[in-house]
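Atoms considered below: every heavy atom in the structure, side chains included; atoms not considered: hydrogens, waters and symmetry mates. As the structure is a computational prediction, the values presented were derived from the model and not from experiment. In this chain, numbering begins with 1 at the start of the sequence shown.
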Amino acid sequence: MIRNILIGLGLVLAALVGLILYNTFSYGGAPVGGRVELPEPPQVSAERAAENLGAAIRFRTITLASGDPRPGQEGEWLAMHAWLEETYPAAHAAMTKEFVPGTLTLLYTWQGWDAALNPLLLMAHQDVVPVNIGTEEDWEGAPFGGEIIDGYIYGRGAIDDKGSLVGLMEAAEALALSGFQPRRTLIFMFGHDEEVSGSGAEAGVALLKSRGISPEMALDEGFMIVNPSPLTGKPAGFIGIAEKGYVTLEITALGEGGHSSTPPRNSAAVRLARAVVALDRNQMPSSLSKPPASDMFRAAGKDMPFMQRMAFANLWLFQGMIDDQLSDIAPGNAMIRTTTAPTMLEGSAKENVLAQRAKATINFRIHPNDTEEDIVAHVKRVTKDIEGIEVAVMKEGIRGSGASNVSPTDNRAYAVLASVAEATMPGAAAAPGLVLGATDARYAEDITPNVYRFAPSILTPDELTGFHGTNERTSVENMGRLARGYAQIILAMDAE
């Protein structure tokens, strides 16, 4: 009897090990999405593109708050528009240019000859964030100098997002000079205020919608080739197929006020502290088995170390362990769940007065598999046993939106982007990903289901710290890659 039980257990164990190994070795064997043969683009000059990026950086198109630039402060934007016309004459001759009404957002249209084809929408933005006061001397190149030092262009906007804007215009200029006549209409939209609200892009998309335009693909900033990828230690080309949403909640704790010399137990401040700690310890549930995370892990699977690959290939067994490990890494945690970030705390007006209302402001970045309603319900559930807690959506400050839709990976648009990513850096595996911040692309899903966030450039993890930080820079080589890659995207989407 015991012998039969042991034999049975042995067979079960062998079958279990066999299943784990089968799943492991078959995980990530095929790429996510298709691939296409890329046409050869016209010749571009990386050095010329780099010099033009430096010139674009010198226009101080800084936005600080919604509504910028204020009336009378449009000079830097208008000067950059004039510079674009002077610098890219062939592109301007081939395209019609207009302003989105009531904004400084530029809209270029290069009319295609096949009206049956949906157009291609290519996006970037003109504005940049300010430089923190007192950090100017920490830069190797002046923040608005656009200097080229040791093969890098330094300055605010180099990678966010004037590099992409200049890369797109370099591609358009090269294509126009080559005699290219698009089958598919090309639309370039350069928002003027992405860093504060994106109202220009929102209005631009509304204008296109009013004209009945539904692009075959909308492409904006967001991801690039990262070398090495923190996920695998090898280069990977991430293509944003979705982006997180944004909502802020106010958690208010009510209690007795009075003099601090006779404090009650469980005061409003203590109740608030308990609520904040409870929310930190009880995060929103992770999403490992659904896109975009599941597709990203699967696409990277073949480059993962064996043990890591085994864990992702067998989520039914190792999901808890993976969740724990990724949760300890801020970017990893942000990739798999809606994040919880207490940012502001308020109590009484004086140090010896007890607060009657203590308030915490908590910002949530919404994962595509969650909704604002899910977050409110989660917060109420976690804090329900704490007396005197009120939960409300913040009505002042930035009013966010839900997460974007998840764009498909089984169409030509994704196949073109994946092919360009892998051609930009041979050996880099293309993988879909979730963009953690907000981009102008979120508005485009109102007119197309195919919205992607990718720029054909290569950045190291260290260079990525330049986003909104000190020493923002991109390489001269990257400017060549951007111009060439965007031209390839245009030509590949224009092919039969």
_Under a 3.5 Å cutoff, is there a donor and acceptor pairing between the side chains of T343 and N363?_
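Distance-only check fails for T343 and N363.
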_Under 3.5 Å, is there a donor on one side chain and an acceptor on the other for D193 and T63?_
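Result is no, nothing qualifies.
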Report yes if some heavy atom in the side chain of [X] is under 4.5 Å from a heavy atom in the side chain of [Y]; otherwise report no.
X	Y	value
R156	V129	yes
M169	N52	no
D160	E195	yes
Y246	R365	yes
R274	I389	no
E372	F364	no
L53	T474	yes
W316	N314	yes

Side-chain donor/acceptor of [X] to backbone N/O of [Y], under 3.5 Å:
X	Y	value
E445	N405	yes
E194	D127	no
T338	H367	yes
D68	L64	yes

*Give me the ring orientation class for F188 and Y108: parallel if the planes are under 30° apart, tilted from 30 to 60°, perpendicular past 60°.*
perpendicular
Grab the two heavy atoms, one from [X] and one from [Y], that are nearest each other, plus how far apart they are.
X	Y	result
M95	A172	CE-CB, 4.4 Å
M479	I153	CG-CD1, 3.9 Å
A268	A355	CB-O, 3.5 Å
A430	I239	CB-CD1, 4.4 Å
H192	T103	CE1-CB, 3.6 Å

*Evaluate side-chain hydrogen bond (donor to acceptor under 3.5 Å, both in side chains) for E221 paired with H125, printing each intermediate quantity in order.*
CA-CA 9 Å; E221 62 171 336; H125 63 87; 3.0 Å; yes
*asked:* Checking N450 against S407 for the side-chain hydrogen bond (donor to acceptor under 3.5 Å, both in side chains) test, could you report, in this order, the C-alpha distance in whole Å, the side-chain angles of both residues, the deciding distance, and whether it holds?
replied: CA-CA 5 Å; N450 305 320; S407 296; 5.9 Å; no
*Taking only Lys NZ, Arg NE, NH1 and NH2, and the carboxylate oxygens of Asp or Glu, determine whether R473 and E140 approach each other closer than 4.0 Å.*
no
*For the pair K359 and E250, find out whether any cationic side-chain nitrogen is under 4.0 Å from an anionic carboxylate oxygen.*
yes
*side chain to side chain contact (heavy atoms under 4.5 Å, CB included) involving V277 - partner list, sequence neighbours excluded*: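 In terms of side chain to side chain contact (heavy atoms under 4.5 Å, CB included), with neighbours along the sequence ignored, V277 is linked to R281.
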*asked:* For A300, give me all partners under side chain to side chain contact (heavy atoms under 4.5 Å, CB included), at least two apart in sequence or on another chain.
replied: L231, T232, M304
_Intermediate values then yes/no, side-chain hydrogen bond (donor to acceptor under 3.5 Å, both in side chains), S164 and D161_ = CA-CA 6 Å; S164 291; D161 182 38; 3.0 Å; yes
Enclosure of [X] [atom1] (heavy-atom neighbours >12, cutoff 6.0 Å):
X	atom1	answer
E98	CD	yes
K209	NZ	no
E387	CD	no

*Under the ring pair (Phe, Tyr, Trp, His ring centres under 6.0 Å) rule, collect the residues that match up with F467, sequence neighbours excluded.*
none
*Kindly indicate, with the supporting measurements, whether the criterion side-chain hydrogen bond (donor to acceptor under 3.5 Å, both in side chains) is fulfilled by Q283 and S327.*
CA-CA 9 Å; Q283 298 280 320; S327 296; over 6 Å; no
_Let's go through I490 and L122 carefully: what are the C-alpha distance in whole Å and the side-chain angles of both, what is the deciding distance for side chain to side chain contact (heavy atoms under 4.5 Å, CB included) to 0.1 Å, and is it a yes or a no?_
CA-CA 9 Å; I490 291 169; L122 301 164; 3.8 Å; yes
